[in-house]
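Here the structure comes first, spelled out in structure tokens, and everything after it is commentary.
One-based numbering, in listed order, for ligands and for the atoms of each. Worth saying up front: this structure is predicted, and the values here are computed from it rather than measured.
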Amino acid sequence: MSVCEFKPGLEGIPAAESSISCVDGQQGILEYRGIRIEELAQKSTFLETSYLLIWGKLPTKEELAEFVHEVQYHRRIKYRIRDMMKSFPESGHPMDALQASAAALGLFYSLRELDNPIYVRDSVVRLLATIPTMVAAFQLMRKGNDPVRPRDDLDYSANFLYMLHEREPDPLAARIFDVCLMLHAEHTMNASTFSARVTASTLTDPYAVVASAVGTLGGPLHGGANEEVIGMLEEIGSVENVRPYLESRLEKKAKIMGFGHRVYKVKDPRATILQNLAEQLFEKFGHDKYYDIAVEMERVVAEKLSHKGIYPNVDFYSGLVYRKLGIPTDLFTPIFAIARVAGWLAHWKEQLVQNRIFRPTQVYNGLHDVPYTAIEER
Ligand code: CMC
């Protein structure tokens with residue numbers, strides 16, 4: 001008989017020892033390998049930050065150049081993956097397309113040399129390199145267009161925006177997008193990372209690890225919340241409607257999307273940076289009325305829910321940034337996945353170092369010794 005106390009959502013239960021990232025939810029601090037997110041957002045790039053997360057240290061100039069070159073070299077996707085994606089229904093969600101494509105990538109690399117550093121490095125490079133290409137390819141193909149080939153003269157983020165929009169992005173837009181990727185790259189033991197670590201613990205391949213994490217990220221309580229936020233801002237429609245909307249939601253005990261966090265009890269530091277990025281974009285490319293609605297929402301939610309420690313999370317302002325970058329709403333979560341693959345791979349690598357398969361227990365609350373009832377007697 002089990003006597004363990006059940007903690008719904010495993011709240012407060014450590015699932016791993018990790019040195020990858022750290023959150024102080026009371027003070028609103030996020031660090032990757034000990035470096036504050038604000039500093040990385042100012043000084044680093046997504047690929048450098050990925051290197052930091054995955055290999056545990058900032059790369060030297062030569063190490064970074066080599067890593068960037070390798071990622072650049074592996075950006076193209078196999079025509080069979082492209083053809084498989086072409087057969088996906090265009091009405092399907094791009095997260096499902098991404099999950100299937102990431103899993104399919106594993107079909108081409110069936111070796112599982114998990115203790116071979118070359119295999120590990122190649123897998124990391126391939127996943128970081130091809131996931132943005134897959135997201136952009138599905139977007140173009142579902143509109144009936146051919147996918148655009150990656151451009152080797154463009155850096156990681158500029159190339160993604162180029163593949164998506166079929167034109168070179170403005171440098172400020174590309175830099176802001178790169179910062180968004182850094183902000184979303186890693187976040188301790190969240191649901192998709194836990195999912196990645198559970199999958200990794202079975203010693204399967206990293207494509208399966210990433211595919212399982214993509215599936216977990218897609219839900220509205222996790223990465224999918226950024227899409228829901230835009231839907232909510234559109235539904236509210238004007239600053240005047242914010243208060244009645246929130247009051248009616250809270251009366252029904254419904255959650256307000258983009259607010260609240262298991263760990264942060266203050267405003268998520270990433271939300272503060274994203275809000276600032278949104279303002280930079282509006283200054284250069286024109287205002288968005290939904291931003292005014294968002295700011296008013298933050299004010300009214302603080303008035304009503306700050307006693308519960310509910311403030312904007314990372315998903316609240318990210319959608320407004322992506323909208324201004326011309327990204328369709330249902331690509332917001334795949335973009336989250338493009339970034340988070342760095343964190344998932346860091347956890348995959350860390351899990352392998354001292355692996356033990358995840359096999360938690362449960363609190364059984366069903367019956368015992370029930371006699372089988374014949375079908376005609378039911
Ligand atoms: N709106 C209104 N009330 C909320 C919200 C919210 N967004 N979030 C939490 N609460 C209340 C909740 O009703 C509960 O109140 P009470 O104690 O009176 O019953 C209390 O706060 C604790 O909530 P919980 O659901 O037990 O908290 P949790 O730690 O299980 O869930 C969460 C965390 C992020 C799933 C939740 O805050 C939520 O559903 N937020 C909205 C969805 C969202 O924005 N998700 C993105 C999360 S951040 C990025 C990511 O992980 O992908």
Side-chain angles (χ1 to χ4, degrees), residues 6-13 15 21 23-26 28 30 37 95 98 180-197 212-233 235-236 242-275 294 296-322 329-344 347:
F6 170 51
K7 291 272 193 177
L10 301 184
E11 182 169 7
I13 297 176
S21 67
V23 172
D24 179 335
Q26 299 300 328
L30 169 62
I37 192 66
M95 275 302 266
L98 180 61
C180 290
L181 294 185
M182 275 186 265
L183 297 178
H184 286 84
E186 160 62 8
H187 207 248
T188 72
M189 199 53 64
N190 55 85
S192 60
T193 299
F194 181 47
S195 174
R197 282 192 88 123
S212 76
V214 170
T216 309
L217 183 68
L221 295 187
H222 192 6
N226 54 15
E227 272 186 39
E228 308 266 337
V229 168
I230 292 298
M232 177 180 71
L233 295 176
E235 190 187 335
I236 294 172
V242 167
R243 187 173 286 275
Y245 173 89
L246 286 175
E247 282 171 354
S248 101
R249 294 276 301 179
L250 294 176
E251 214 165 281
K252 290 184 235 152
K253 299 218 172 298
K255 294 270 177 73
I256 315 297
M257 288 294 144
F259 286 86
H261 200 277
R262 175 68 59 81
V263 186
Y264 292 115
K265 297 304 160 206
V266 294
K267 186 169 176 177
D268 184 329
R270 299 166 300 172
T272 307
I273 302 173
L274 283 159
Q275 182 171 11
E296 176 65 0
M297 279 194 81
E298 181 176 346
R299 201 182 65 74
V300 180
V301 170
E303 193 186 290
K304 295 190 174 294
L305 294 176
S306 62
H307 65 283
K308 290 190 187 176
I310 292 170
Y311 291 95
N313 60 46
V314 68
D315 289 323
F316 191 58
Y317 287 107
S318 62
L320 288 164
V321 173
Y322 297 148
T329 308
D330 64 359
L331 289 193
F332 295 176
T333 319
I335 285 166
F336 196 154
I338 291 176
R340 188 54 62 86
V341 77
W344 295 329
H347 282 270

In the protein, what heavy atom is nearest to [atom], and what distance, to one decimal place, separates them?
atom: atom 20 (C) of ligand 1; value: K308 CD, 4.4 Å
atom: atom 33 (C) of ligand 1; value: R262 N, 3.9 Å
atom: atom 47 (C) of ligand 1; value: N313 ND2, 3.6 Å
atom: atom 46 (C) of ligand 1; value: D315 OD2, 3.2 Å
atom: atom 50 (C) of ligand 1; value: H222 ND1, 3.2 Å
atom: atom 45 (N) of ligand 1; value: L221 O, 3.2 Å
atom: atom 3 (N) of ligand 1; value: I310 CD1, 3.9 Å
atom: atom 36 (C) of ligand 1; value: K255 NZ, 4.0 Å

>> Check whether R262 reaches the backbone of G9 with its side chain - one donor and one acceptor, N or O, closer than 3.5 Å.
In response: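 Confirmed, R262 side chain pairs with G9 backbone.
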
>> Between E227 and M257, is the side chain to side chain contact (heavy atoms under 4.5 Å, CB included) condition met? List the steps.
In response: CA-CA 9 Å; E227 272 186 39; M257 288 294 144; over 6 Å; no

For residues [X] and [Y], determine if any side-chain heavy atom of one lies less than 4.5 Å from a side-chain heavy atom of the other.
X: I335; Y: N226; value: no
X: Y322; Y: I230; value: no
X: M95; Y: V214; value: yes
X: L217; Y: W344; value: yes

Contact atoms of ligand 1, heavy-atom distance to [X] under 4.0 Å:
X: A225; answer: 43 (C), 44 (O), 45 (N), 46 (C)
X: G223; answer: 52 (O)
X: L305; answer: 2 (C)

Taking every non-hydrogen atom, the tightest pair across [X] and [Y]:
X: A185; Y: R340; result: O-CD, 3.4 Å
X: D315; Y: G223; result: OD1-O, 4.2 Å
X: E228; Y: P220; result: OE2-CB, 3.7 Å
X: R270; Y: D268; result: NH2-OD2, 2.7 Å

> Does even one non-hydrogen atom of N190 get within less than 4.0 Å of ligand 1?
Replying inline: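 No.
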
> Are G258 and ligand 1 in contact, using a heavy-atom cut-off of under 4.0 Å?
Replying inline: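 For ligand 1, residue contact (heavy atoms, under 4.0 Å) with G258 is present.
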
Using protein heavy atoms only, decide if any is under 4.0 Å from [atom].
atom: atom 42 (C) of ligand 1; answer: yes
atom: atom 15 (O) of ligand 1; answer: yes
atom: atom 30 (O) of ligand 1; answer: yes
atom: atom 18 (O) of ligand 1; answer: yes

> Distance from F336 atom CZ to L183 atom CG, nearest 0.5 Å?
Replying inline: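 One finds 10.5 Å between CZ of F336 and CG of L183.
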
>> To the nearest 0.5 Å, what is the distance between CD1 on I256 and CD on E298?
In response: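 Result: 13.5 Å between the selected atoms.
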
What part of [X], side chain from CB on, backbone N/CA/C/O, both or neither, has a heavy atom under 4.0 Å from ligand 1?
X: V229; result: neither
X: F316; result: neither
X: V314; result: side chain
X: E11; result: neither
X: V301; result: neither

>> L30 vs Y264, test: side chain to side chain contact (heavy atoms under 4.5 Å, CB included). Steps then yes/no.
In response: CA-CA 10 Å; L30 169 62; Y264 292 115; 3.6 Å; yes

Looking only at distances, please establish whether an N/O atom of ligand 1 is found under 3.5 Å from an N/O atom of [X].
X: A254; value: no
X: L250; value: no
X: I256; value: yes
X: F259; value: yes

>> Assess the residue pair M232 and M297 against the criterion (side chain to side chain contact (heavy atoms under 4.5 Å, CB included)); give the C-alpha distance rounded to whole Å, side-chain angles, the decisive distance to 0.1 Å, and a yes or no.
In response: CA-CA 11 Å; M232 177 180 71; M297 279 194 81; 3.5 Å; yes

> Would the F332 and H184 ring centres measure less than 6.0 Å apart?
Replying inline: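 Aromatic pair excluded; centres sit 6.0 Å or further apart.
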
